[in-house]
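Written below as structure tokens is the structure these notes are about.
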Amino acid sequence: MKTSANYNFQATEKKWQQVWRQSVCANKPVAAAAKEKCYVLEMFMYPSGRVHIGHVRNFMIGDVIARFKKAKGFDVLHPVGWDAFGLPAENAALANAVHPKDWTYENISLMRKQLELFGFSYDWDREFATCDENYYAVQQKIFLDMYKKGLVYRKESMVNWDPVDNCVLANEQVIDGRGWRSGAIVESRQLSQWFFKITAYANELLKSLKSLEGWPEKVRAMQERWIGHSRGLMLRFEAKDKDGQSLQDLSVYSTRPETIFGASFLAISAQHPLAQKLAKTSSAIAEFINSCSKNSVTTEDMDKMEKLGIDTGVQAFCSLLGDRALPVYIANFVLQTYGTGAIFGTPAHDTRDWDFAKKYGLPIKLVIKPSAGNDVNLQAGSYLGNGTMIDSEFLNGKTAPEAKECIIEHCEKTGVGKASEFYRLRDWGISRQRYWGCPIPMIHCQKCGVVPANEKDLPIALPVDVTFNQPGNPLDRHPTWSKTKCPSCGAPAHRETDTMDTFVDSSWYFIRFCQDGASDLGKFDRKQIERWLPVDFYIGGIEHAILHLLYARFFTKALRDCGYINLNEPFSALFTQGMVCHKTFKHKDGRWLAPDEIESKKGEAICKADGTVVDVGRSEKMSKSKKNVVSPDEMVRIYGADSVRMFVLSDSPVDKDMEWSDEGITGCWRFINRFWRLVVMFGEKYSQTKKASPSFIQLDCLKHETKADFKRVLRSISQIGGLYEVFQFNRAIAAVHDAVNVMYDLLNHVESYSDAFRDLLLLTNVVMAPITPHLSEEVNQKLGNPKMLSETCWPDFGRYELKQEMVTIAVQVNGKLRATLEALPDAMQSELEHAARNINAVKKYIPAGGAKKVIFVPGKIINFVV
RNA sequence: GCCCGUGUGGUGGAAUGGUAGACACUACAGACUUAAAAUCUGUUGUCGGUAACGACGUGGGGGUUCAAGUCCCUCCACGGGCACCA
């Protein structure tokens, strides 16, 4: 498809990839303590079998930063690895009769080859997979240490059970009531599970979010919400039956205790102990509770769900309210899992309570009066704003926030209540009933109970001889694997057959990368780890905003407290990139068509097979089901790695979604050839005219208009470093385009300035190199630079005088542009004003009396106000 | 419902409060070619005008300012996240 007259990317890319691999210093951080370190990391990949173009975009961001920082003189760590445990390996085992281990390592080697095509500057010597025995051995050791520290426990609990994957899911892995991977409706089951006590860090995880200034505001907000801190009052009520007999105490938590005097009912959840008790004697209550448990948990249903309740006949008393009793309802909108599973309802100041009161005819009493002029219509809805307390006894006259503090204090003093805090965050359940994961190093002994495995027995390795021909966990039915001796009493015992959630594996992999191959990987090498951490640039998708990033933060803090490392936060800067999208094509018969089944004719998309016109849909995230995917290998084969590398960063800012298009990728391919041609054309001229010429550094020797062009190119490329720093690769590429366009013009009168032009090409090439390293290395060689590009420093543009000699001044009248003026940058107002007044286009707008006022911004603008 | 984004030509997108539309794509024209492709050179926000030029123009409305895509208020549309969290 592409002719040989062009830049030969096939040969060139292969050649330099080989050279880089052999060169000692190209991809590896040099042990240079004097240099400042820079740890660049992209979220590692699950070895599904194929590298997706979205991965390429992710890795490209990291690669540009890594190469750029290296050129800037940093000691750079840029590793790569594999998040290799997980369910798909078992599914593949089931479907294709291959062992998960073979499937995984096979995929890794396929994907490694794909990655190699792109020339990423990875330190391949540090590569590992989380299913490597020497990786998960350390993970088991960490688990035991966390157990000793009280950060791991086992409890019977209701869990999210995915009936398709036959597996437990963490709360974070349930999305809209469905399993995050299988999409099946999640069921509740009672099981014994291992938990990490992430809630012990709820406060710290929340507080230190503030210190993460290099994180997107959005991700911090999502985590903050997920941890969900609230502060309020725990208030004690007494529940009495209709005969006035005391039933039990009822604790009610509220974040708005100041509204208590407006309360008109109490509501408890269907799972509340009192509800369960009452159900035994009332069939109506039992029936209601039963109907609540049937409620679906999907988003749409929740939206539509009506607030329902049943009056239990129970009365609740609180000394704050004197003799006034509140009726106790069981309500479907009260959650047992938050607070105490009981609330007091203040219909005037809460939307849900208002809905409920309307439905059941309960009083709606205003206790917060809005400031003057704002009328409240309690018949239309609740009032959620601020104001002054009324009808609230000792709170009257205070503002709502003041009243909140006041009532908390009052209740603490009188003992009727207590200031309380709650978090939404739950402990992290990590038990998975799967084979392909890190075994939990615990042992069940009939006599001693659950005991940790001996450290000297680590790793507890996965057995290889397992079968996948029936549902459930293969470790459970392995004839011998789980049989062992109790480390404590020596009696026969059996191993825990659950394995760890794979999110555990990815919670500390960035720490392992810090150790080089020569170190003892069985232990934490603090010196190496603390040299590199924290990660300076962490790059990945927004979909990990909560799960992975929260777990990794938790692990870092837990490892700190177990004495492994001295670090509070693992990632100083986080960058979330957008997705790669593509148009979709739908055949008239309803089939989705792949991009390579389409050709475009006269602006219409035509199906190659039968010539029919195809419906072109909007650009969407690439997905196999809609066939709107492109293969990275195929793209490299047709256009070369540098074209693909350039395109994924080209048009859109990298934090936004981009659209993959044929026009876009061919555009990049054309640019690469265009730059190459520029170098070739220059080379031909240069060899003919080689003679004494000024070095371009002495810009004064150049002709005026040539000098201006030189300066313009220099200005364009000099900004590129700054643009890399702030991840504005699309603008960096625009600057490169601009520079190359100017150089094409320059080439026409370059004869007498050839050395200077050569320098200009070399400089441009250096700043392009992080994006198009193969092309740049080749150009560098062709221009006769003896030093390899990967060893070349970033140019110091400070040594060039880049100021423009003439600037264009905008001449405005009343802020409207009427003309422009060429002037020296430091021209005085008086002379410019005089010149501007004499321009006809300006003169006609200025009245005879002259301008009222003249605004002058040196070097930029002169504005006549008339 | 709440929170966070986003809104600029035919398209992707640029613009420290200071010449809106950089750069790229598409389209069109010219050069080269027997021809096509590729390449090179132009043009390409809209309306009016042969032109010079003029008017309009950054989702809508209002405001601050000599000057607003940019700041403030308000409304609309789209996208994402959370969702009965007491």
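These numbers were taken from a predicted model, which means no experiment stands behind them. Below, chains carry the letters A, B, ... as their sequence lines are ordered, and counting in each starts from 1.
Taking only side-chain nitrogens and oxygens, Arg818(A) comes nearer than 4.0 Å to OP1 or OP2 of A55(B). Here Asn741(A) reaches the OP1 or OP2 of A24(B): one of its side-chain N or O atoms lies under 4.0 Å away. Under 4.0 angstrom from either OP1 or OP2 of A14(B) there lies at least one side-chain N or O belonging to Asn730(A). Considering only side-chain N and O atoms, Arg670(A) lies nowhere under 4.0 angstrom from the phosphate OP1 or OP2 of C40(B). Close to A83(B), at under 4.0 Å from its OP1 or OP2, lies a side-chain N or O of Arg424(A). Contact annotation: Arg677(A) reaches the phosphate of C40(B) (side-chain N/O to OP1 or OP2, under 4.0 Å). Tyr253(A) has no side-chain polar atom (N or O) that falls below the 4.0 Å cut-off from OP1 or OP2 of A86(B).
More than 90° away from 0 lies the glycosidic angle of G63(B), which makes this nucleotide anti.
Within 4.0 Å (heavy atoms only), Gln812(A) reaches at least one base atom of the nucleic acid. Nucleic acid contact for Thr820(A): base, since at least one base atom lies under 4.0 Å from a heavy atom of the residue. Residue contacts shown for Ser650(A) are absent, as no nucleic acid heavy atom lies under 4.0 Å away. No engagement by Val736(A) is indicated, since no non-hydrogen atom pair under 4.0 Å with the nucleic acid exists. Across all strands, Arg731(A) comes closer than 4.0 Å only to sugar-phosphate atoms, never to a base (heavy-atom distances).
A67(B) sits 16 Å from G57(B) when the P atoms are compared, rounded to a whole Å. For the P atom pair drawn from C47(B) and G10(B), the interatomic distance equals 9 Å after rounding to whole Å. When the C1' atom is compared between A22(B) and C28(B), the two are found 22 Å apart, to the nearest whole Å. For the P atoms, the distance linking U16(B) with U6(B) amounts to 15 Å, nearest Å. Only the C1' atoms considered, G61(B) is 15 Å distant from A68(B), to the nearest whole Å. Between C73(B) and C4(B), the distance separating the two P atoms is 13 Å to the nearest Å. Distance check on atom C1': G21(B) versus A14(B) gives 7 Å, rounded to whole Å. Taking the P atoms as reference points, C32(B) lies 39 Å from G13(B), given to the whole Å.
Contact detail for Asn386(A) and Ile368(A): the closest heavy-atom pair is C-CG2, 3.9 Å.
The interatomic distance linking His737(A) (NE2) with C25(B) (P) rounds to 6 Å, in whole Å. To the nearest angstrom, C1' of U26(B) lies 12 Å from CG of Asp651(A). Rounded to an integer number of Å, the gap from Phe671(A) CZ to U39(B) C1' is 16 Å. As rounded to whole Å, 15 Å separates atom C1' of A83(B) from atom CG of Asn332(A). Nucleotide C66(B) holds its C1' atom 13 Å from the CD atom of Glu833(A), rounded to whole Å. Computed from coordinates, the Ile542(A) CD1 to U6(B) C1' distance equals 15 Å when rounded to whole Å. Nucleotide C3(B) holds its P atom 9 Å from the CZ atom of Arg225(A), rounded to whole Å. Atoms NZ (Lys218(A)) and C1' (C4(B)) sit 6 Å apart, rounded to a whole Å.
Nearer to the 5' terminus of RNA chain B, by closest-nucleotide assignment, is the contact made by Ala734(A) (compared with the other of Ala734(A) and Met222(A)). Annotation: of the two residues near RNA chain B, Tyr845(A) and Ser652(A), the 5′-most nearest-nucleotide partner is Ser652(A).
Using cut-offs of 30° and 60° on the angle between ring planes, the pair Tyr551(A) and Trp428(A) is parallel. Relative orientation of the Phe671(A) and Phe675(A) rings is parallel, given thresholds of 30° and 60° on the angle between their planes.
Taking the ring centre of Tyr7(A) as origin, the terminal cationic atom of Arg677(A) falls outside the region bounded by 6.0 Å and 45° from the ring axis. Taking the centre and axis of the six-membered ring of Tyr744(A), the NZ or CZ atom of Arg674(A) falls inside the cone set by 45° and 6.0 Å.
For the pair Glu833(A) and Arg837(A), the salt-bridge criterion is met [side-chain N within less than 4.0 Å of a carboxylate O]. Salt-bridge check for Arg231(A) with Glu405(A): passed, with a basic side-chain N closer than 4.0 Å to an acidic carboxylate O.
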Taking Watson-Crick and G-U wobble pairs with both distances under 3.5 Å, convert RNA chain B into its dot-bracket string, 5' to 3', dots for unpaired and | for cross-strand pairs. (((((((..(((.....[....))).(((((.......))))).((((....))))..(((((..]....))))))))))))....
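One side chain, Tyr338(A) or Ser230(A), offers a donor N or O that lies under 3.5 Å from an acceptor on the other.
Between the base of U19(B) and the side chain of Lys816(A) there is no donor-acceptor pair shorter than 3.5 Å.
You'll find the side chain of Leu308(A) reaches within 4.5 Å of the side chain of Phe288(A), heavy atoms only.
Among the candidates Val842(A), Ile855(A), Val811(A), the single residue satisfying the side chain to side chain contact (heavy atoms under 4.5 Å, CB included) test with Ile862(A) is Val811(A).
Nearest nucleotide to the Arg674(A) side chain, out of C23(B), G54(B), C40(B): C40(B).
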